[in-house]
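Counting convention: from 1, in listed order, for ligands and their atoms alike.
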Amino acid sequence: MAKDYTKYFVKPSIKDARKRKSTDTATIDFNEYFTIKGFGKGKTYKIETFGCQGNEADTEKIRGILEALDFTESEKLEHADLILLNTCAIRENAENRVFGELGRLKKYKRNNPELILGVCGCMPQEEKVVDHILKKIPHVDLVFGTHNIYKLPEYLETVILSKERVIEVFSEEGSIIENMPKIRESTRKAWVSIMYGCDEFCTYCIVPYTRGKERSRDKDHIIHEIKELIKLGYKEVTLLGQNVNSYGRDFTDKKYTFSNLLEELNTLEIERIRFTTSHPKDFDLETVKVLAKKGNLMPYIHLPVQSGSNEVLKKMNRKYTKEDYLELVANIYKYIPNASLTTDIIVGFPGETDEQFEETLDLVRKCRFEGAYTFVFSAREGTPAAKFEDNMSLDEKKQRLYKLNKIVNDGYQVGTNRFEGKIVKVLVDGVSKNNDSIIAGYTENNKLVNFKGDKSLIGTIVEVEVTEAKTWHMIGKLVE
Ligand code: 5AD
Ligand code: SF4
């Protein structure tokens with residue numbers, strides 16, 4: 001449908017994305033940009049979101065912008081006038097899924113040449129992805145990245161009204177944009193970004209290139225957002241950042257840390273506060289001690305370890321040792337005895353030996369993880385680890401993953417077993433898919449519980465006695 005771009009054509013560069021400037025990040029009010037209204041009237045949209053909570057939070061902003069332009073959400077993908085894929089670049093299979101979906105959507109475009117198809121999120125931040133779209137996927141009309149969501153009204157105006165193709169991806173992050181409209185997925189649980197970007201440069205990871213320099217939001221903006229959520233009846237917020245423990249490190253005018261933020265949020269009238277993701281190197285004892293005060297701070301910590309071998313951790317540029325990690329875990333259990341810990345682990349990192357892999361298994365046993373996301377290393381172009389010598393076959397790596405997952409699954413089971421016979425607090429999310437007299441929700445320790453109950457309990461926190469521990473969830477009985 002669209003002609004070739006005339007107004008917007010900016011491609012990203014991984015080389016530029018690697019640069020870090022020491023200048024302070026400015027904060028801009030979205031309303032300064034937002035002038036165009038109404039041209040979405042009568043048109044519908046659908047967004048498909050891939051990847052992490054950061055992308056889910058971005059999708060809520062994109063929906064907010066679209067609905068401010070008078071678009072409405074389409075029930076079905078095939079009826080939408082605008083389809084956006086909000087993509088993830090973390091591993092190759094995540095990218096392949098998106099390319100597969102773009103192939104599948106071609107037929108919708110054939111049926112409806114007026115359909116606008118857009119790609120946004122982390123994948124467009126990669127030069128090679130944009131080049132591939134330019135060469136091979138002509139049915140994509142709109143490409144933008146993670147740093148310019150706020151310009152979506154302009155882009156859509158160009159694509160819809162001028163019928164021009166838009167490709168604009170900035171390598172540099174730019175300012176923090178406050179007050180973007182949002183349509184949240186849930187009316188009870190909310191994502192609240194406390195910072196954007198990442199400065200860690202773990203050697204395997206593409207995120208510092210796709211999400212830019214680390215920028216912390218002003219704490220007053222965070223607190224204001226949470227207070228507004230409380231007024232709307234929200235019960236739970238999850239603070240988001242690639243490394244929440246380094247929150248505030250970029251402030252030049254004040255000292256204000258993640259533990260300071262948690263302490264302040266602990267005084268607010270919101271029932272539950274969670275956060276993700278933590279970096280072991282920056283998870284300090286003050287934070288552990290603040291979490292020990294409990295109140296609305298949930299006893300659940302996702303603490304990616306990645307490997308149990310010091311040599312591998314060094315090659316990954318994780319900047320902590322196995323011993324540092326074990327000490328942190330010991331402190332967490334000492335101050336928060338009831339805590340549930342989960343982690344992320346990569347197997348088959350280039351050069352990982354049998355012994356080094358065994359060290360990971362050993363660490364997993366020692367830490368009593370109650371869950372883990374486990375991955376086979378995936379080489380990401382532009383990251384240092386993509387150039388490391390890697391002789392191991394994918395088959396061998398998958399065997400390691402299988403072995404690791406067996407131990408991880410035992411951890412899940414131990415993690416639910418320990419609640420059998422206990423009374424837990426559950427924030428009720430909804431009705432079970434298979435049986436609408438069964439409702440379900442998550443405990444403070446982030447365990448899923450199914451139990452008999454009335455739909456009217458959705459959105460409230462109730463007490464439930466755990467009667468049976470399964471591996472991935474628990475079954476309970478409402479305490480009346
Ligand atoms: N290959 C495999 N796993 C990766 N992760 C990040 N980059 C890669 C990669 N190149 C994993 C890490 C991280 C999680 C979000 O994804 O474990 O914590
Ligand atoms: Fe990637 Fe490491 Fe940053 Fe996490 S801390 S986003 S693994 S570079």
Output field: ring centroids Tyr204/Phe377 closer than 6.0 Å: no
Backbone of Cys367 reached by a side-chain donor or acceptor of Tyr333 within 3.5 Å: yes
Those protein residues which place at least one heavy atom below 4.0 Å from ligand 1: Ile90, Arg91, Tyr204, Gln306, Asp344, Ile346, Phe375, Val376, Phe377, Ser378, Arg380
Quiz item: cation-pi between Lys254 and Tyr256, 6.0 Å / 45°: no
Phe144-Phe170 aromatic ring centre distance below 6.0 Å: no
Residue His279 vicinity, atoms of ligand 2 by number, heavy atom under 4.0 Å: 5 (S)
Ligand 2-proximal atoms of Arg318, by part, heavy-atom distance under 4.0 Å: side chain
Test salt bridge (Lys or Arg N to Asp or Glu O under 4.0 Å) applied to Lys151 - qualifying residues, sequence neighbours left out: Glu168
Phe258/Phe275 aromatic ring centres below 6.0 Å: yes
Stepwise salt bridge (charged side-chain N to carboxylate O under 4.0 Å, His left out) check, Arg318 with Asp324: CA-CA 11 Å; Arg318 290 291 288 176; Asp324 297 332; over 6 Å; no
Which residues share a side-chain contact (heavy atoms from CB on, under 4.5 Å) with Phe375, sequence neighbours left out: Arg91, Asp344, Tyr373
Closer than 2.8 Å to atom 1 (Fe) of ligand 2 - protein N, O or S atoms, ordered by chain and residue number: Cys205 SG
Geometric cation-pi criterion Arg97 and Phe50, 6.0 Å radius, 45° cone: no
Any side-chain donor near an acceptor of the partner, Asn405 and Thr374, under 3.5 Å: yes
